[in-house]
Amino acid sequence: YRVDFIPLEKIPVWSPSGDSSCKPQYQVNEELNKKISLFSGDITKLEIDSIANAANKTLLGGGGVDGAIHRGAGPLLKKECATLNGCETGEVKITGAYGLPAKYVIHTVGPIVHDSVGEREEQALRNCYYNCLHTATKNHLRTVAFPCISTGVYGYPPEQAVEVALRTVREYLEQNHEKLDRVIFCVFLKSDKELYETMLSAYFPRG
Ligand code: ADP
């Protein structure tokens with residue numbers, strides 16, 4: 001038992017904060033709204049079924065969220081990752097979570113954006129979210145948390161990345177809502193928290 005581990009019960013379902021300046025893009029669906037959380041903090045503390053890792057192609061660890069996940073999990077994670085033959089952009093590989101409170105880590109490799117986002121990068125980011133959700137449900141994992149994939153050193157503009165993340169999750173949940181209990185957007189920066197707060201009212205509007 002660790003006091004700083006955060007179980008699902010302590011992660012509130014998303015609810016809009018006053019000003020919703022963003023136009024709804026989807027119909028109101030309260031069933032889906034109940035399955036969304038916006039969590040501000042460290043993804044490695046979440047005591048849930050699975051957390052996504054914004055990894056690199058080697059899967060052998062790196063900086064940012066990847067570094068935090070490997071530090072929290074301990075050396076056995078790297079040992080398992082070393083047997084997986086790396087991972088392609090947009091693809092995923094699932095491992096145990098070892099010293100972390102989550103049950104599994106779903107590693108995915110986001111696209112690197114050099115100058116501007118093209119169709120290829122957008123599709124790759126969409127694949128990251130879709131394949132993580134698909135791998136979770138295939139493994140009967142009912143809760144997934146996502147960091148803001150590719151928006152750190154990989155350079156994907158956050159305001160474009162959040163739209164891909166929310167659209168992909170919304171469309172996946174419309175097709176597969178019975179397979180998941182909660183999808184948690186885990187934000188680490190105040191600017192990302194504000195972006196998600198605004199955009200969630202467009203993709204998961206309230207009645
Ligand atoms: P990428 O290489 O895919 O860009 P980064 O790790 O550099 O990945 O950044 C992805 C996002 O993860 C950034 O928004 C960063 O602020 C965030 N981040 C860093 N550490 C953590 C953490 N412990 N928990 C959740 N998010 C984190």
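Just so it is clear, the structure is predicted and the values come from calculations on it, not from any experiment. When a ligand or atom number is given, it counts from 1 through the structure's own listing order.
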Starting from the C-alpha separation in whole Å, work towards a yes-or-no answer on side-chain hydrogen bond (donor to acceptor under 3.5 Å, both in side chains) for Glu80 and Tyr98. CA-CA 10 Å; Glu80 183 178 358; Tyr98 302 96; 2.6 Å; yes
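- Ranking protein heavy atoms by distance to atom 24 (N) of ligand 1, first place goes to Ile43 N, 3.0 Å.
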What do the steps show when you test Arg182 against Thr143 for side-chain hydrogen bond (donor to acceptor under 3.5 Å, both in side chains), and what is the final call? CA-CA 5 Å; Arg182 198 81 67 81; Thr143 48; over 6 Å; no
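- Distances from atom 5 (P) of ligand 1 to the heavy atoms of Cys186, Gly152, Gly155 put Gly152 nearest.
- For the pair Asn29 (side chain) and Leu32 (backbone), a donor-acceptor distance under 3.5 Å is present.
- For the pair Asp66 and ligand 1, the shortest N or O to N or O distance does not fall below 3.5 Å.
- For atom 18 (N) of ligand 1, the choice among Tyr154, Phe39, Phe188 with the nearest heavy atom turns out to be Phe188.
- Between Asn56, Ile69, Val153, Thr44, it is Val153 that holds the heavy atom closest to atom 7 (O) of ligand 1.
- If you check the side chains of Glu174 and Tyr26, you find no donor sitting under 3.5 Å from an acceptor.
- Between Glu122 and Arg167 there is a salt bridge, since at least one side-chain N of the basic residue sits less than 4.0 Å from a carboxylate O of the acidic one.
- Each of the atoms 4 (O), 13 (C), 14 (O) of ligand 1 lies under 4.0 Å from some heavy atom of Thr151.
- Ranking the protein heavy atoms by distance from atom 23 (N) of ligand 1 puts Asp42 OD1, 2.8 Å first.
- The existence of a salt bridge linking Asp49 and Arg142 is excluded, since no basic side-chain nitrogen approaches an acidic carboxylate oxygen closer than 4.0 Å.
- Geometrically, ligand 1 and Ile149 share no nitrogen or oxygen pair separated by less than 3.5 Å.
- Those atoms of ligand 1 that come under 4.0 Å of a heavy atom in Asp192, given as number and element, are 14 (O).
- The pair Glu47-Lys10 fails the salt-bridge criterion, with no side-chain N (NZ, NE, NH1 or NH2) lying under 4.0 Å from an Asp/Glu carboxylate O.
- At a threshold of 4.0 Å, the pair Glu197-Lys193 counts as salt-bridged, since one of the basic side-chain nitrogens sits closer than that to a carboxylate oxygen.
- The closest approach between any non-hydrogen atom of Ser150 and ligand 1 is below 4.0 Å.
- In the vicinity of Ala68, heavy-atom distances shorter than 4.0 Å reach the ligand 1 atoms 23 (N).
- Ligand 1 places these atoms under 4.0 Å from at least one heavy atom of Ala54: 3 (O), 8 (O).
- Atom OH of Tyr104 is surrounded by 12 or fewer heavy atoms from other residues, nucleotides or ligands within 6.0 Å.
- Here the heavy atom of the protein found nearest to atom 12 (O) of ligand 1 is Val65 CB, 3.8 Å.
- Close approach of ligand 1 to Gly41 (heavy-atom distance below 4.0 Å) involves ligand atoms 24 (N), 25 (C).
- Below 4.0 Å from some heavy atom of Cys148 lie the following atoms of ligand 1, by number and element: 10 (C), 11 (C), 14 (O).
- Taking a 6.0 Å sphere around CD of Glu178, one finds it holds more than 12 heavy atoms contributed by other residues, nucleotides or ligands.
- The existence of a salt bridge linking Lys57 and Glu91 is excluded, since no basic side-chain nitrogen approaches an acidic carboxylate oxygen closer than 4.0 Å.
- Checked against a 3.5 angstrom limit, the closest N/O atoms of Pro147 and ligand 1 fall outside it.
- Only side-chain heavy atoms of Leu189 come within less than 4.0 Å of ligand 1; its backbone N, CA, C and O stay farther off.
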